[in-house]
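From a predicted model like this one, the values you see are computed outputs, not experimental measurements. Letters A, B, ... are given to chains in the order of the sequence lines, protein chains preceding strands, and every chain is numbered from 1. These values consider heavy atoms only, across backbone and side chains, with no hydrogens, waters or symmetry-generated copies.
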Amino acid sequence: MRIGVFICHCGSNIGGTVDCARVAELSRAFPDVVYADDPMYTCAEPGQAAIEAAIHEHRLDGVVVASCTPRMHEPTFRRTVERAGLNRYMFEMANIREHVSWIGKDKEANTNKAAELVLMAVEKLRRNTPLTPKSFDITKKVLIIGGGVAGIQAALDCADGGVPVVLVEREATIGGKMAKLDKTFPTVDCSACILGPKMVDVAQHPNITLYAYAEVEDISGYVGNFSVKIRKKAAYVDWSKCTGCGACTEKCPARKTPDAFNELTGPTTAINIAFPQAIPKKAVINAAHCRQLSKGKCGVCAKVCPTGAIRYDMEDEIVTEEVGSIVAATGYDLMDWTVYSEYGGGKYPDVITSLQYERLLSASGPTGGHILRPSDGREPKSVVFIQCVGSRDKSVGRPYCSGFCCMYTAKQAVLTKDHIPDSQSWVFYMDIRAPGKMYDEFTRRAVEEYGTEYIRGRVSAIYPDGKGQYVVMGVDTLLGQPVEIKADLVVLAVGIEASKGASQLAEKLRISYDQYGFFMESHVKLKPVETNTAGVFLAGVCQGAKDIPASVAQGSAAAAKVLALFARDKLESDPQIAQVDMRRCVNCGKCIRCCPFGAIKEVEMRGEGKAQVIETVCQGCGLCTATCPQGAIQLSHATDNQILAEVNALCQC
Amino acid sequence: MNKVTDISSLRDPAFTAAVQADSGQDVTTCYQCGNCTAGCPASFAYDRQVSQIMRGVQLGLKDEVLNTRSIWMCLSCSTCSLRCPNNIDVAAVMETLRHMARKEGRVTVPKVEKFWFSFLDTVRVFGRTYEIGTMALYMLRSLRIFTDLDLAPEALKKRKLGLIPHAIPRQDVPDDGARAVGRIMQRYRQRALREGVRP
Amino acid sequence: MPVLEGKELRIVGFLCNWCSYGGADTAGVARAGQPTDLRIIRVPCSGRIDPLFIVKALLGGADGVLVSGCHPRDCHYAAGNFYARRRLEVLKQFLPVLGIDERRFEYTWVSASEGQRWQQVVTVFTERIHQLGRAPRFDDAEPLLKLADMALTSLRPLGTGQTAALDELKDAIRAKLPELDCVIGWQQGYDAAHTVPLFIRKPEDVDKLVWGPFNVNNPAVYLPSFKGKKVGIVVKGCDSRSVVELLQENLIRREDVTIFALPCEGTLDMARVNEKLGRYQRIDSVSLDEAGATIVADGTEHRFCMTEYAQGKCYGCTTPAAVLADTRLGTPTPVQPGTVVPPELALLDSMSLEERMAFWRGQMERCLRCYACRNACPMCVCRDFCISDSRNPHWMSQEDSPREKLFFQTIHAMHLAGRCTGCGECQRACPVGIPILALRQQIARAVAQLFDGYRPGLDPAAVPPLLGYEVEEKNIHERDWK
Amino acid sequence: MSVVSFAYYPGCSAKGSSADYERSTRTVCGLLDICLEELPGWNCCGSTPAHAVDTELSAALCVRNLDIAAQCGAKTVLTPCPSCLSNLRHAGRRMATPEFRARVNELLDAPAAETLPEVTSVMQGIARQYDKAALTARVKKPLTGLRLGAYYGCLMSRPADLMDFGDPENPTLMEEMLTACGAEVVDFPLKTSCCGASFGIPERPMTARNSAKILDLAVNMGLDALVVACPLCQMNLDLRQKQAAKSAGTTFDLPVPYFTQLLGLALGAPTDQLGLDKLCVSLDGLLKKAEGGQQCG
Amino acid sequence: MSMIRFVTADGLPGFLAHLAKDGQRVLVPVEKPANKPSVVFEPWQEGKAFTLAKATVPPKEAVLPQCETLFSFKKAKDPADPARVSLQLEEAPPPPPTVVFACRPCDARGFAVLDRPYLHGPFADPCYKARREALTVITLTCASGCNTCFCHWVGGGPSSPEGSDVLMTAIEGGYVLQAITPRGEACLAASALPDGAEVFPRAEEARKAAWQSLEPAPDLKDAPQRLAALFTDTTFWQEQTDRCLSCGACTYFCPTCYCFNITDEGEGLSEKGGRRLRSWDNCMSSLFTREASGHNPRNAKALRMRNRVSHKFATYPENWGSFSCNGCGRCISNCPVCLDIRAIVLAALEKGADA
């Protein structure tokens, strides 16, 4: 073999702590290496051109690039060698940036380590074989999980692009958190007015199948051919008959049912339609509070329903959908702020969350859009907003910034002044994060036009003063003094966390998630919509904190990814899959037994049973290779001999 | 207050490191939210707020920090530690600073230290606290005769303060208990002197 | 390339591409400083990691091996790490019997987001390896030879099968023979003190069948070669476990096999019998009584009491009666509850790590790589395609170094993990008497301990432990990285 | 229930300023079949002054007591005083560090026992034997009609991992006990605020202001009494109540009894065995109210 | 009469020390303690315990090691043009002069069997030749036969001198050493051992007694032709090999099996360099005849057994005029299933007689 080695300086990123020229020099002594160079930036256009030129000039049939992580540029360089006429798998990378130059300061050790990593790559490359992908048919249909604004946007864009969409929403209505908001920053326009039409579009779009009050039960398959089981939860109402007239909700006697849509700021009925603009506008019975379902006597709704839609005997139903791609848009939940005992831990009725405050502000909320204290229904005159409750707080395990609280707090302060002109708002903050378009201007308006007092510091404790008000013990670090404020109402900007069940869904999707449950994108900067599982994309806050415009943008971005994927009629399967050496196979069946994908079947060959890999099903994990005792099944590009060559490059005493 | 601090020359990284090592706290994680100050029951008696002291430690401003009244007025109630969003045991930092100041002989609020010594003196002699004794010693030390005199009638009436020192009864332990305590204090004192710190 | 003398030690890492390799990248992006010793080999999944790679590295001069994959439940391939966890844990418990400090091998889980955790893992592991220092090299060990203590007490009475229902058995075989291609049993070998496998094809062959303490061979070894044919087999209790294990792995079909069983009262350790008989030309007589055998050779009488001369495995045997049988004759032998540490394993247990390495160094010198051990093993299913003599994959060379030979024993032992029934044929077959059974016994002990006392060959319906997993492993716990 | 016995460390104030706490503790434990065996020859834990001066000195003073308990074979030591509890527990924990242990042993007459007993508060000790229902079953004179607040002070519940009192911001054990005694217990938001501690002598405004804040809220909430578990808190809130009132420019008349005193009343102990006479703000009004409640109830 | 020397039992170590001087490798039987003890040939060292028991493993290693490096190679790259690689061969060092001490007549005859193909055919194997020419064989005659050995069936016997340079026979009080070849004479002449002509008759008596103790041997002269006739009778071979496990115990412990395999290991560029290895091969293994295409002319173990037995008792005699089996019986005693080559040959004779 004739191998070329390229040791990238990556500017000073590698060159700063690795003697790249020395590594190149050492590489020239490695087996089959006929050319080695140390370019400044290998991934840049000139760097790639140099590789192509070297392939031609030195008749290379294999290339090793030592630079950053292969998770970043392996595809780039594979295309490079392909352009120069090599098979793309005749290429290996040595990671001398993330694994060497960035983590060690000792230049001698780094240089030696880099050379060894190159040697390992060379030894592996010498055992590489050209691989050719196979193509397979795909199902051009997309599953979108979550019907918040990000999921809605992704659904509409996909549907408009001609792709059939299956939209699954856990709640009885789509709309997500945005549907609960009164107004949106920085324009202070009505949330329902801008989201409502999109929700209606979802309901009416011929390409969209909506499963509301449903959850994804199980996902199998792979990009292009996923099979999804969806659990349609029992609503106890036949939605094909329900017209959303609301007669049932008027007569329902269980009037103390907690109202999740209103963030528990007021009660509702056991049979309920979340809010007037709900999509689908269908009733759902809360079984735990329904007298008929919990105690077996009532049946009022069934009596009053004009279409006979009530079905107390309804059970969950599982439906299966075949799709080619999946967009996860599961959004977020507020963290459980009651861990803050110093803020009463939920004991004080007038210490509420900002989302609850939205419901108090909203005309469709329990107070009809009037700000009234939950404790006594009085209009508050002194409202204290506390930011970063459960954000940037390691002591409650939430060290990250929730991203949008600064902005909505400013908005809520503005709205408070609008609603109650003689009120005074106070905002305790640590830093104001307002980097969006018109954002900083908006926060300034809250101060300059609406007289909101921003106090730089956290709040140590809140307690009722025994006379109807709350003492807020804070600090003004700019003043260098502790401060106390008597408040009528305290609104906590509670931090966000991944929505409930996010990690379980990630496991079903076989995607990664961080320790807080947010889904991992493929690359934090360059692949923010992709996941490491082909065909699965992310939209909205499920990937990390972001506001509405960013969520909508990512919804559209995910849709673009889906449309791009479906622009092809066939997909190419990764050829890095297992292959059976039929002669070695003794048909012991161990590989078939442990393959997680059912990608190995038994076939008959000349009267003997043999294992055979189904190429489009195999995902290339190599479990079979590690299992097969006689080494008859080998994972291409990670064969026993290739890994042994890497081991032997290091361990040959 | 109104002075310009030349941070570049006053900065003492070794001081920051020493505080971190002795207290076991990573002060770099403090992001100056001020929550310690917000909850501090002694803040009104401070010349520098606790969050400002944390800032001083971060910057390595040794004199600024060790010469404060605040480290002497700290109540050790740990409210700051409890509420710190970065899990810093701020009270431990304050106590460390107090120990450092004392060992260097910097006692900005001598009366507090005098009270401690008065207390510990009775313990050394009797093995247990002797409240009247403590007060008497403290009055001697601080030359403040009128301390709490307003309470005396009530306290005496209710026999709140024992007039007789309640030392460790001799019959309780084979070796005189009070003397054992005295020996502990004595050893401590000798060791401190040997190690060159103020006992 | 050699390690940087005085600075580094040789540490090899195997990281899954999706989580831990990404985690190491994340650490790099965060400039999370780490010791430089580690060299990372990127594999698609921790499930891809054959534990033998790790042994290969450790025997080849690695001072430490670190494996990291996705956290349980987070595997990119759904379950690869669940399998890896079991296999790697078994390996970890196996290494000490070779004389390798198990602390030199560690496995853990690091996700792509856990750069800090990765930094911690690398730092802690590297520190640990530096504390342990350079790994002792197998080739440097001074050979040490020690003997297993065979003075053992048995869990059940040992005898010579005097009252066994041999005639009824013969009748049963005769009756069944027309339906079968062959029935495998035992017959007298080159003299009366040795038996060999018998293949009964004709009714008159049945008369050759013998039963007694000389029936040492495990006839189950022949079953897979009869796959697809109807075959009968006469078994001792231990042999029946091999049959069950073969059934469990679908290497034979239940409907093809007819099992004849007599309760076994123990078999003789022919190694020690031959040793005592010494060089002789003729066996004059062999007489059996309930307690043992009396052999007269070249006019000299030798007495072999079963309690003294049984095979090592017989003392701890809890399955003198067949686990599975179609025709079962005679009354089963009672077994006391309890466990006996097999003598070979007890010997290894009594040694320090250094001594164990020296022990194997000494034992392996005389191995000729004849592979009698492998071929006598009923669970060695690869047969003609063993990776020990293959170039692709190229696990082993033809070199005759003790290290290479021990590596083969490790391959065999690891491939038997969760499958070895402890029949001991490997060791019995070894012409030069290397106590290789100890390696299998250690694996079996680890499997039993990790998987709730699992013993291979008892239940044809059980899933072999290393071909299955539990999402929550009861006895495998994530290690602390502080 | 059979009699259980614990080693007992009264703390110095028990012999002086909080003799009533000591008295009522012993009475209540007696009524509850909890035998308290006072450690022979115990010494002062060093309180705040010792640890303010030096951690090792503080630990040495504490460990001497723990060592005595260990010699007596005690597994658990009860103490009524949160300050003593905190010091003893801190010392016990720090002794797990070999270097620290060595430094402390240098100060002692003889090296301390390897295993030192655990220390717990009298309150937790009682709760370990009696859950709410079991306590209610022992109540002879319920405190019906009394509106009480529970005040723990700053030391009792923190640091949380050391003091083991549940939520350090919101301990509820005392409330449970008082509720078991039949009183109406309202959640007192400043239950873990600092009263000013031992600064009463060197820096009177410290105790005065902090105590005033607590007393003020208690009065605003309409409490009949603020129940305490700490000798120092009790002194600051009761003996120094006038100082506090003066600093706040107001007057207070709020009884501040120990929880053991109220427990004793509920369990039917004679008032003279509870040291009620030592309280500066008398409980008389309260007692009358309770009796009235009992009559009504 | 040839040179005769005598050595007392106590004098053996001294004699070995004499042999070992000048760096000569003296391979002596050494017992390896185990529950199944084995005896292997190992280089003698001062103070090292040895035995005179028949070895489990024959001394074939002296001339045909289990694995030998034929040569090693290193590659060097031209720093100016890494594509230019020069290869440097390193011949294996010349073998040390070796004495095999106290092997048995069957073992010594083994060397004679190996000599024919390796030295007397159209091509002499240089590696073998070098080792063989540096070899002195001192053989201890057997006092008796044993249950598995049958040297006298195949032309040997308990005191057969074939292949030996010196024959050594135990008599009371010591051993009589008889030079058989000039090399043996030189060996004895150089020693300080006293003359043993006086006691030689006692040695002859012992040898005679050994011969007399043997069971009568069957006549195998028809074996080559009978076996050849059975070549196509696969049923015969299947019946004979039912219990064979296809391991290599019979061939690897055989003093006359000489098949080998050649593999290259290692990299010319690595520090250790590359090695061309010659290692024993085993005709009982399926791999022995597996072709690159995957086709295997001896797929069944019966066919492989046919090869082994036929080679020893038919084709080798056809080529070289004598059996290649020397009747040491190790293939029987070491076989995990006690497969008995004697029985196969006898069955072939019987079957041929029937026909």
Are more than 12 heavy atoms, taken from residues, nucleotides or ligands other than C:E478, located less than 6.0 Å from that residue's CD atom?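 Atom CD in C:E478 is packed in, count exceeds 12.
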
Under 4.5 Å from a heavy atom of chain C, the part of [X] involved:
X: A:L119; value: side chain
X: A:T533; value: both
X: A:V647; value: both
X: A:L635; value: side chain
X: A:E108; value: both
X: A:A109; value: both
X: A:A645; value: neither
X: A:Y222; value: neither

C:E8 vs A:K113, test: salt bridge (Lys or Arg N to Asp or Glu O under 4.0 Å). Steps then yes/no. CA-CA 10 Å; C:E8 288 185 359; A:K113 181 175 179 181; over 6 Å; no

Largest heavy-atom contact set with chain C, pairs under 4.5 Å, which of A:E74, A:K508, A:M72, A:R97: A:E74

Any side-chain donor near an acceptor of the partner, C:D25 and A:T69, under 3.5 Å: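 Yes - a donor-acceptor pair under 3.5 Å links their side chains.
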
Is it the case that C:R87 and A:T627 place a side-chain donor and acceptor less than 3.5 Å from each other?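 Yes.
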
So which of [options] has the biggest tally of heavy-atom pairs under 4.5 Å with chain A?
options: C:V43, C:N250, C:L251, C:N392; answer: C:N392
options: C:H394, C:R39, C:H76, C:R73; answer: C:R39
options: C:L38, C:I411, C:D384; answer: C:L38

Between [X] and [Y], is there a donor-acceptor pair closer than 3.5 Å when you use the side chain of the first and the backbone of the second?
X: A:R510; Y: C:C75; value: no
X: A:R71; Y: C:N17; value: yes
X: C:R48; Y: A:A638; value: yes

Where on [X] is there a heavy atom nearer than 4.5 Å to chain A: the side chain, the backbone, both, or neither?
X: C:R10; answer: side chain
X: C:A32; answer: backbone
X: C:R117; answer: neither

Taking every non-hydrogen atom, the tightest pair across C:S113 and A:M520: CB-SD, 3.7 Å

Given side chains that start at C-beta, do those of [X] and [Y] come closer than 4.5 Å, heavy atoms only?
X: C:H415; Y: A:Q630; answer: no
X: C:Y83; Y: A:C594; answer: yes
X: C:K56; Y: A:C651; answer: no
X: A:P70; Y: C:Y21; answer: yes
X: C:S390; Y: A:R584; answer: yes
X: C:E249; Y: A:C588; answer: no
X: A:I103; Y: C:R31; answer: no
X: A:C621; Y: C:P44; answer: no

Taking the basic N atoms (NZ, or NE/NH1/NH2) and the acidic carboxylate oxygens, is any pair closer than 4.0 Å for A:E646 and C:R42? no

For C:D74, which residues count as a side chain to side chain donor-acceptor pair (under 3.5 Å) partner, sequence neighbours excluded?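 Side chain to side chain donor-acceptor pair (under 3.5 Å) list for C:D74, sorted by chain: A:Y513.
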
Could you list the residues that satisfy side chain to side chain contact (heavy atoms under 4.5 Å, CB included) with A:E608, not counting sequence neighbours?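 Testing A:E608 for side chain to side chain contact (heavy atoms under 4.5 Å, CB included), a comparison that skips the adjacent residues, returns A:K610.
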
